[in-house]
**Student:** 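One structure coming up, written as structure tokens, with questions to follow.
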Amino acid sequence: MFRRHKPSAPEHKKDFAVHGAVLPGPQNDMRSFFNLSQLVLCAGQFRSPPTLRHSKITYFEVEILDAQSKRQICVVDKVPPSSTLLDVKHKFHKACPQWNPSRIGLRLERNGPYLKDSVSIQSLAVSSIITLYFTDLGQQVSWTTVFLTEYSGPLLIYLLFYIRLSSIYAEEENMESFRHPVVHLACFCHCLHYVRHLLETLFVHKISGGHTPLKNMIKGCAFYWGFTSWIAYYVNHPRYTPPSFGNRQVIFAALAFLMCEAGNHFINVALVQQNNSGNKTSFPSPTYNPFTWLFTLVSCPNYTYEIGSWISFTVMTQTLPVGVFAFLMAIQMALWAQKKHKLYLKKYNMGVLRKTAMIPFIF
């Protein structure tokens, strides 16, 4: 009899491999766990990205009507809430190129005040449609051009009278070569005043990019240039008579004039520094500079010094045209000072500290 042959362990495994069976064991279990973990990790990559929820923006529609005929001129649509009135003017200019943004005046009511360019559209909206009334403001010029034109004219006009052109005075009068010292001093003070204004316009004041009608500049130039011609004609006339009290009156008035000019300059610098600092919650305070101490008494010390300059010039020259000009300037600046004083009282709540607008203890 033959003994039954028992296959050895390697042969037994070989038979299983030949017949395609899978060998159970810890290696297969680890491989299965690894494949399952990879499947789980990869499954997160196939998820759809979360949808972004955008906030709903409400756009406004601005209807622009003619202020006189109420006829519709154009409609500016898709205006964002963050837009200003200046943005609307630029879009209006694109639709109607014949009107430059500087000459476009917009109002909420036909006879209401003109809206500022910095006004937000959202602050005007009652509904999604905003109705504005358009008025053509006419030819416009920048404020810098206005100030430079108004101040450069008197400077040049006074010098023309000072050199005594033959076309202004008679030849026999020009033969008188002697001039009183006050004539030269008056020319120096007058030129100093307007040179200061020109330099402050260029280098001190930060003038806004706004515009004003051309007719306003013409009226301002007519006022300044006309009075300068009248003043210069009398002060530089060959028959001009010096002041009644002689050199004492001239020297005293000249010193007062120079002090007022210096004070006006330092006040303007202080106001500009206040705006540059960004502190708009408090009124400018006096500093170590004595010329700024006038802030403790009045709200508009620059107007106080300006009037002081022209009163001093009137005393120094002792002429009627200068006195009339100083009187008219005082009235105009008093109106400006009173208007600013009311705004300061409302903005800074300083009614207890500063009682007057321009003249200490009086006005």
Side-chain angles (χ1 to χ4, degrees), residues 147 151 155 182 185-207 243 245 247-318 322-323 325-327 329-345 347-363:
F147 293 140
Y151 298 147
L155 180 63
V182 69
L185 184 61
C187 180
F188 170 77
C189 292
H190 190 276
C191 293
L192 176 66
H193 177 78
Y194 284 101
V195 167
R196 178 184 65 80
H197 274 300
L198 290 172
L199 294 178
E200 287 180 351
T201 301
L202 294 173
F203 303 108
V204 177
H205 297 295
K206 284 192 173 181
I207 302 174
F245 296 96
N247 292 333
R248 289 181 298 176
Q249 178 179 345
V250 173
I251 294 174
F252 172 78
L255 292 176
F257 178 87
L258 294 177
M259 290 181 61
C260 290
E261 286 295 304
N264 202 338
H265 172 70
F266 288 119
I267 291 296
N268 290 331
V269 172
L271 292 173
V272 172
Q273 291 177 350
Q274 171 76 8
N275 295 332
N276 293 339
S277 63
N279 184 13
K280 298 183 179 181
T281 59
S282 61
F283 193 76
S285 302
T287 63
Y288 62 88
N289 190 339
F291 291 102
T292 63
W293 294 352
L294 199 57
F295 274 123
T296 59
L297 301 177
V298 296
S299 301
C300 303
N302 51 335
Y303 294 156
T304 307
Y305 283 122
E306 183 75 13
I307 295 303
S309 295
W310 285 111
I311 292 176
S312 302
F313 195 77
T314 303
V315 175
M316 180 173 59
T317 58
Q318 194 174 316
V322 183
F325 180 74
F327 177 73
M329 288 291 291
I331 295 176
Q332 181 61 68
M333 291 192 175
L335 297 175
W336 290 343
Q338 188 176 14
K339 183 178 179 180
K340 285 189 175 182
H341 184 67
K342 292 180 180 180
L343 294 177
Y344 290 154
L345 289 176
K347 185 176 181 180
Y348 301 112
N349 193 18
M350 60 178 190
V352 180
L353 299 178
R354 299 176 178 85
K355 298 290 185 180
T356 58
M358 188 176 69
I359 303 176
F361 312 110
I362 299 177
F363 177 78

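Count residues from 1 along the sequence. Treat the numbers as computed from the prediction; the structure is a model and nothing was measured.
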**Student:** Please identify each residue that fulfils side-chain hydrogen bond (donor to acceptor under 3.5 Å, both in side chains) with Gln332, with sequence neighbours left out.
**Tutor:** none
**Student:** Under 4.5 Å between any side-chain heavy atoms of Val269 and Val272, yes or no?
**Tutor:** no
**Student:** To the nearest 0.5 angstrom, please state how far the CH2 atom of Trp336 sits from the SG atom of Cys300.
**Tutor:**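 It comes to 11.5 Å.
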**Student:** Which heavy atom of His341 sits nearest a heavy atom of Ala357, and at what distance?
**Tutor:** CB-CB, 3.6 Å
**Student:** Sequence neighbours excluded, which residues qualify as side-chain hydrogen bond (donor to acceptor under 3.5 Å, both in side chains) partners of Asn268?
**Tutor:**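 Result, side-chain hydrogen bond (donor to acceptor under 3.5 Å, both in side chains) vs Asn268: Glu200, Asn264.
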**Student:** Report the residues that fulfil side-chain hydrogen bond (donor to acceptor under 3.5 Å, both in side chains) with Lys342, sequence neighbours left out, ordered by chain and then residue number.
**Tutor:** none
**Student:** Over all heavy atoms of both residues, which pair between Tyr303 and Met333 is shortest? Give the atoms and the distance, please.
**Tutor:**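 Closest approach of Tyr303 to Met333: CD1-O, 3.8 Å.
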**Student:** Among all residues two or more places apart in sequence or in another chain, which pass the side-chain hydrogen bond (donor to acceptor under 3.5 Å, both in side chains) test with Ser312?
**Tutor:** none
**Student:** Suppose the criterion is salt bridge (charged side-chain N to carboxylate O under 4.0 Å, His left out): which pairs have a residue in residues 288-304, not counting sequence neighbours?
**Tutor:** none
**Student:** List the atom of Phe291, the atom of Tyr305, and the distance in Å for their closest heavy-atom pair.
**Tutor:** O-OH, 2.9 Å
**Student:** So which atom in Ala186 and which in Thr317 form the shortest heavy-atom distance, rounded to 0.1 Å?
**Tutor:**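 Shortest heavy-atom contact: CB-CG2, 3.8 Å.
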**Student:** Provide the closest heavy-atom pair for Thr287 versus Trp293 in the form atom of the first, atom of the second, distance.
**Tutor:**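 Result for this residue pair: O-NE1, 2.8 Å.
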**Student:** Drop me the distance from Thr292's OG1 to Phe266's CZ, to the nearest 0.5 angstrom.
**Tutor:**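 With rounding to 0.5 Å, OG1 (Thr292) is 9.5 Å from CZ (Phe266).
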**Student:** Check whether any side-chain heavy atom of Ile359 lies under 4.5 Å from a side-chain heavy atom of Thr304, and answer yes or no.
**Tutor:**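 No - every pair of side-chain heavy atoms lies 4.5 Å or more apart.
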**Student:** Between NE2 of His265 and CG of Leu199, what distance do you get to the nearest 0.5 Å?
**Tutor:**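 Rounded to the nearest 0.5 Å, the NE2-CG separation comes out at 9.5 Å.
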**Student:** With a 4.5 Å limit on heavy-atom distance, are the side chains of Phe295 and Leu271 in contact?
**Tutor:**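 A side-chain contact under 4.5 Å exists here.
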**Student:** State, yes or no, whether a side-chain contact exists between Pro243 and Val182 at a heavy-atom distance under 4.5 Å.
**Tutor:** yes
**Student:** How are the rings of His190 and Tyr194 set to each other: parallel, tilted or perpendicular (split at 30° and 60°)?
**Tutor:**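 Tilted.
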**Student:** Leu155 versus Cys191: any side-chain heavy-atom pair under 4.5 Å?
**Tutor:** yes
**Student:** Can you find a heavy atom in the side chain of Pro360 that is under 4.5 Å from one in the side chain of Leu294?
**Tutor:**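 Sidechains of Leu294 and Pro360: in contact.
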**Student:** Do Val298 and Met358 come close enough that some side-chain heavy atom pair is under 4.5 Å?
**Tutor:**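 In short, these two side chains do not touch, never coming nearer than 4.5 Å.
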**Student:** Which donor-acceptor pairs under 3.5 Å do the side chains of residues 251-260 make with protein atoms, sequence neighbours left out?
**Tutor:**
none

**Student:** Mind checking the CG-CZ spacing from Leu192 to Arg196? Nearest 0.5 Å is all I need.
**Tutor:** 8.0 Å
**Student:** Kindly give the heavy-atom pair with the smallest separation between Glu306 and Met329, and that separation in Å.
**Tutor:**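 Residues Glu306 and Met329, closest heavy atoms: OE2-CE, 4.5 Å.
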**Student:** Would you give the length of the straight line joining atom OH of Tyr151 to atom CG of Leu198, rounded to the nearest 0.5 angstrom?
**Tutor:** 8.5 Å
**Student:** Are the side chains of Glu261 and His193 in contact, using a 4.5 Å heavy-atom criterion?
**Tutor:** yes
